[in-house]
Every structure is written in structure tokens, then in C-alpha cells.
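Below is one structure; the comments refer to it alone.
Sequential numbering from 1 along the given sequence is applied to the chain's residues.
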Amino acid sequence: MTRTFLAALLLSGAAFPAHAEDAPAEPKAKNVILFIGDGMGISTITAARIYEAQKRGETGEENSLSFEKFDNVALVKTYNTNAQVPDSAGTATAMHSGVKTRIGVLGIGPEAEKGVCADALAHPLPLLGEEVKQRGLALGIVTTTRLTHATPASVVTRSADRDWEADAAIPADQQGQGCKDIALQLAEADFDVALGGGTAVFYGKEMDGQRSDASADLPGAWAARSGGVVVKDTASLRAAPMNTPVLGIFSPSHMTYMADRTPDSPEPTLTDMTAQAIARLQADPDGFYLMVEGGRIDHAHHGGQAGYALEEAVEFARAVQWAVDHTDPEETLILVTADHSHVFTIAGYPQRGNDILGLVVPPAGRGEDGGDGQTPVLAADGKPYTTLGYANGPGALRGERTVPETGIAARQQATVPTGGETHAGEDVALFATGPGADRARGVIEQNVIYSIIRKALGWD
């Protein structure tokens, strides 16, 4: 290159990178929806994709759940600051405050000791739900658990103990120190839509509740303060005015498992609630933040019932698809993740298309198993075994192993006997689509999800 040509090139500016002010602005999200499949680890996603397709008569392995089609994926580290294997309170707090904290606490820093009211008051964390309302956006919370359960509670509440859902649950030595129970905090919070279960913790005994005051009516107090509407079933939810806040509480505790629902159930499904929330929140011209939890995936795993967990996961994926179909991809960031995983396994060498809830039948002619493609393979104890199982849980056997149950209601066999199956500590996935979705990449700490949301909204 001649000196004359180089000089001309430099003068033209072609040899220099574009100025920062000339670079295109990063896309900004008007709305953010965070879907949390509680306990939905990688093995649950894999089994759920197979189960979903097999319900349609397909083999299943080639299927993709709605969110698996998103272009941006990351792995997320889920540990709590004092726990190698986490719980939903610490993990949900990380996502909604940007700070990892201890197991079992909500919205308070890791310096605070669990169960100590004074520590909770001294170490509050910023909450995404509060900032959403302060900045003028609409706020929604949807769950299939009690609204006071760990994940939904993390959006707008702080507690020294995730179990302080009603005032009667706060130990006597911690009462009177200024800590409010989770139900009271929710009733005093600002939100536009909150849908889930848990009437018992919001009412006193006169209304079949658990609060210390027999006449307590927190939903009524919320409605009087906010001008909102309290609904108790699908019909009243659909009939509620679109321009007023809505609090929907559809069951005394957690909502009914999908596998146990009847066609005439008065409870809305997760997809029903997601649809109602999005339709109402979209009316806000400034945008919205919505957290949607498929909470009973976790509960079914704790009970060692994989079929129930997979049915919940399929409904969760259906709700995600509804959101994808009914929001503008140019202005809505949709994130799908889990708070933690479970000790849930997919094992053996079942043939392609084998019933995911059934016994392991190996491919025809497979080596040492000598499979005929129809007969279940036998374990060393001479009995068949299922593809799905757990490392611990209520399905553990004492003494001689029995022939395992199969089908949606089966309790899968487990190795270590525990009253309830436990969480697992491996990474979970984060799937993302929409403005700011490209930040979901690599292996990240769970609290980074908070930053991804704030950056997408243009707050950072």
C-alpha cells in the first residue's frame, strides 16, 4: 500500500471503526415476560418434549417444546450463597433482586440469618416488582401455586422465612418486631394482575382461613385500597373489567394438578391465566413486566410422580406458546427458565418412541439385551424397570424391589428413601427471544437474569 493511498484512506475515515454515536441503538423491550418452570431441569424438559409428542401419537424424541425453538440459550448456575443445592426462595430472589442469597429467604441479603426478623429488616434487597411500578409499568404475577409461595412472593415481598405466608406462621419470638407476613405484604403491594391459589392465608377463620384475626379479609382490603376486583373462578376472571386491577385466588392452597382436573373445573389453567394477564397488562402504554410460574412441576417431582410433573410442564409450554403468539416480538422479551432442577433421571436403553412413562423396552436385536422390540428388559434382580426414576424420594423401596408402576399416576422408583424427593444442583437452562435476548448466552450466574431484564428495558 503506497503512502499516498494510505493517507487518502485515513482522510476518508474508512480505516477507523464507526463512532459509538453512529452505531445502531440496541433494541429495547417495552414488555418482559419471565416464565419460571419450578423444578424444570434439563431432564424434565427432555422427558416433557417426548411426552407432549407421544400424546399426539408421535415417537416424541424429535419434538421441541415451544420455548426450545428460541434462538438464544444459556446455562444458569443455581446455588444459593449457603447451599450447594438451592431452594425456590433463594433462586427466585436472585432473579428478582439481582443478588444471590441464602436458602429459604425472600428479598433479603445473604448477611441476614434465616428466621430472624431483625436481620430481614436490616438487609432488604431491591425488588424488580417494586421498580416496575415505580417506573410506571404494569405488573403481573401468575402461578399455579399459592400466591404466597416462594417464587410468586419473590416479585414484591421480603421475608426472613419463606414459610411466613400468614401471620400465624411467624414464630412467637419473632412477632411484634415489624416483620409482615407474605400474604399481608402482597395485599399491600401495587400490582395490576395477580392470579394463583392460596385463599387460606388471606382470610381468617370466619372465611375458612388461617389468619390470627378470625374476621381477616386481606383481599377485601386490597380491593378497597386499589379499586380492584377479587375473583375466585374462571368465569368471574373473564367477566372482570379490563381496566381495573384483578386479584384472582382460585383454591385454598395450590391449584389442582392438570392430571387431576375435570372438564368442569372452575379453576383456570396456567394458559388461561397467562392469556388474561397479558390481555390486561397490554393496555398499559408504558409496557409491563409479567412473571408466570408453572409451580406444580416441582410439587409433582417432590412426590415422585413424573407423569404429573410432565403434564404440568406441557401446560407450561402451552402458556409460553400463547405468549409468543399474542405479543409483538419486536417489543416483548420472553425469558423461560427454571429456578432449580430435580434428581430426576431418564435411563436404560429404551427404543425410539418407547412410552416415556412405561417400562424400558430395548431396540430389537440390541446386543447384550437381545431385545425383540416388545419385551421389557430385566434388571439384575430379574424385574423390569422404567425409563424415568429418581435418585431419592418416596418411591424408594425397602427390601426386595417390586415391579414398578407405569402410567401418568405412577410413583417412580427411587434409590434413597426420603419423605419427599429433593431438588438437584446442576445448571438449568435459560431460553430467550425478543429485544435483549442475545444476552442469554454462555454459562451465567442466576442473578444475571435480573440484569438481562433491566438492560432489555433500558434501565441499565
So do the side chains of Thr387 and Ile346 get within less than 4.5 Å of each other, counting heavy atoms only? yes
Judged by modelled atom types alone, do Ser66 and Gln321 share a side-chain donor-acceptor pair under 3.5 Å? no
Less than 4.0 angstrom from a charged side-chain N to a carboxylate O is my criterion; do Lys77 and Glu426 meet it? no
I'd like to know if the side chain of Thr271 pairs up with that of Arg318 as donor and acceptor (distance under 3.5 Å, no hydrogens or angles considered). no
Taking Thr422's backbone N and O only, do any of them form a donor-acceptor pair with Asn392's side chain (distance below 3.5 Å, no angle check)? yes
Tyr203: partners by ring pair (Phe, Tyr, Trp, His ring centres under 6.0 Å), with sequence neighbours left out: none
Pairwise side-chain contact, Asp233 with Glu267, heavy-atom cut-off 4.5 Å (strictly under): no
Gln413 and Leu397 have their tightest heavy-atom pair at NE2-CD1, 3.4 Å
If you round to the nearest 0.5 Å, how far is CD of Gln175 from CH2 of Trp164? 9.0 Å
Does Ile453 form a side-chain contact (heavy atoms from CB on, under 4.5 Å) with Leu128? I'd like the steps, not just the answer. CA-CA 9 Å; Ile453 292 171; Leu128 185 63; 4.0 Å; yes
Do Thr144 and Phe316 come within less than 4.5 Å of each other through their side chains, counting heavy atoms only? no
Looking at Asp460 and Arg454, does any basic side-chain N land under 4.0 Å from a carboxylate oxygen? yes
Looking only at heavy atoms, the pair that brings Ala432 and Phe70 closest together is O-CB, 3.4 Å
Show me the side-chain donor-acceptor pairs of residues 215-224 shorter than 3.5 Å, one per line, residues at least two apart or across chains.
unit_1: Ser215; atom_1: OG; unit_2: Asp213; atom_2: OD1; d: 3.0
unit_1: Asp217; atom_1: OD1; unit_2: Gly220; atom_2: N; d: 2.8

Going by atom types only, do Thr143 and Thr145 share a side-chain donor-acceptor pair under 3.5 Å? yes
State whether Lys133 and Asp190 are salt-bridged, where the test is any N-O pair (Lys NZ or Arg NE/NH1/NH2 against Asp/Glu carboxylate O) under 4.0 Å. no
Passing candidate, side chain to side chain donor-acceptor pair (under 3.5 Å) with Lys114, options Asp119, Asp163, Asp161: Asp161
Pairwise side-chain contact, Tyr289 with Leu281, heavy-atom cut-off 4.5 Å (strictly under): no
For residues 334-347, which residue pairs qualify under salt bridge (charged side-chain N to carboxylate O under 4.0 Å, His left out), counting only residues two or more places apart or in two chains? none
For residues Gln412 and Thr386, is any side-chain donor paired with an opposing acceptor at under 3.5 Å? no
When you compare the side chain of Ile408 with that of Tyr51, does any pair of heavy atoms fall below 4.5 Å? yes
From Leu237 CG over to Leu195 CG, what is the distance, rounded to the nearest 0.5 angstrom? 5.5 Å
For a quick check under 3.5 Å, do Tyr79 and Gln446 share a side-chain donor-acceptor pair by atom type? no
Run the side-chain donor-acceptor check on residues 149-158: report pairs under 3.5 Å with partners two or more places apart or on a different chain.
unit_1: Thr151; atom_1: OG1; unit_2: Glu293; atom_2: OE2; d: 3.2
unit_1: Ser154; atom_1: OG; unit_2: His96; atom_2: ND1; d: 2.9
unit_1: Ser154; atom_1: OG; unit_2: Thr151; atom_2: O; d: 2.7
unit_1: Thr157; atom_1: OG1; unit_2: Ala153; atom_2: O; d: 2.7
unit_1: Arg158; atom_1: NE; unit_2: Leu125; atom_2: O; d: 2.9
unit_1: Arg158; atom_1: NH1; unit_2: Glu130; atom_2: OE2; d: 3.1
unit_1: Arg158; atom_1: NH2; unit_2: Leu125; atom_2: O; d: 2.8
unit_1: Arg158; atom_1: NH2; unit_2: Glu130; atom_2: OE1; d: 2.9

At their closest point, which heavy atom of Asp87 faces which heavy atom of Gly104, and how far apart are they? OD1-N, 3.1 Å
Can you name the side-chain hydrogen bond (donor to acceptor under 3.5 Å, both in side chains) partners of Glu113, sequence neighbours left out? none
Charged N to carboxylate O under 4.0 angstrom, Glu405 versus Arg411? no
With side-chain contact (heavy atoms from CB on, under 4.5 Å) as the test, would you mind laying out the steps for Val246 and Arg280 before giving the verdict? CA-CA 9 Å; Val246 174; Arg280 294 168 185 278; 3.5 Å; yes
Side-chain donor-acceptor contact under 3.5 Å, Tyr308 with Asp260: yes
Gln177 side chain to Asp173 main-chain N or O, any donor-acceptor pair under 3.5 Å? yes
Interatomic distance, CG@Asp38 vs OG@Ser88, rounded to 0.5 Å, equals 3.5 Å
Check whether any side-chain heavy atom of Asn82 sits under 4.5 Å from a side-chain heavy atom of Pro110, and report yes or no. no
Nearest heavy atoms of Glu52 and Leu65, plus distance in Å: OE1-CD2, 3.5 Å
Given the options Val142, Ile33, Val292, Thr332, Ile278 meets side-chain contact (heavy atoms from CB on, under 4.5 Å) only with Ile33
Correct closest heavy-atom pair for Leu430 and Ile449 would be CD2-CG1, 4.1 Å
Any donor-acceptor N/O pair, Asp167 side chain to Ser212 backbone, under 3.5 Å: yes
Test: disulfide bond (SG atoms under 2.5 Å apart). Region: residues 163-228. Which pairs qualify, not counting sequence neighbours? Cys117-Cys179
Mind checking whether Phe35 and Phe431 have side chains closer than 4.5 Å, heavy atoms only? no
In this structure, CG of Asn447 is separated from OG1 of Thr91 (nearest 0.5 Å) by 11.5 Å
Take a 6.0 Å sphere around NZ of Lys28 and say whether it holds more than 12 heavy atoms from other residues, nucleotides or ligands. no
What orientation do His423 and His340 show, parallel under 30°, tilted 30 to 60°, or perpendicular over 60°? parallel
Presence of salt bridge, Glu165 and Arg211, under 4.0 angstrom: no
Give the C-alpha distance, both sets of side-chain angles, the deciding distance and a yes or no for side-chain contact (heavy atoms from CB on, under 4.5 Å) between Met255 and Phe250. CA-CA 7 Å; Met255 295 177 68; Phe250 306 108; 4.0 Å; yes
I would like to know whether Asp272 and Arg238 meet side-chain contact (heavy atoms from CB on, under 4.5 Å); could you show each step before the answer? CA-CA 9 Å; Asp272 293 334; Arg238 292 173 177 169; 3.9 Å; yes
Can you tell if the side chain of Thr406 reaches within under 4.5 Å of the side chain of Leu357, non-hydrogen atoms only? no
When rounded to the nearest 0.5 angstrom, what is the spacing between CD1 in Ile297 and OG1 in Thr44? 7.5 Å
Any ion pair linking Glu188 and Lys180 (charged N to carboxylate O, less than 4.0 Å)? yes
What is the minimum heavy-atom distance between Pro329 and Pro435, and which atoms define it? O-CD, 3.5 Å
For the pair Ser253 (side chain) and Gly198 (backbone), establish whether a donor and an acceptor sit closer than 3.5 Å, ignoring hydrogens and angles. no
Rounded distance [0.5 Å steps], CG in Leu106 versus OG1 in Thr101: 9.5 Å
Taking it one step at a time, do His342 and Tyr390 satisfy ring-ring contact (aromatic ring centres under 6.0 Å, His included)? CA-CA 8 Å; His342 276 269; Tyr390 293 95; 7.7 Å; no
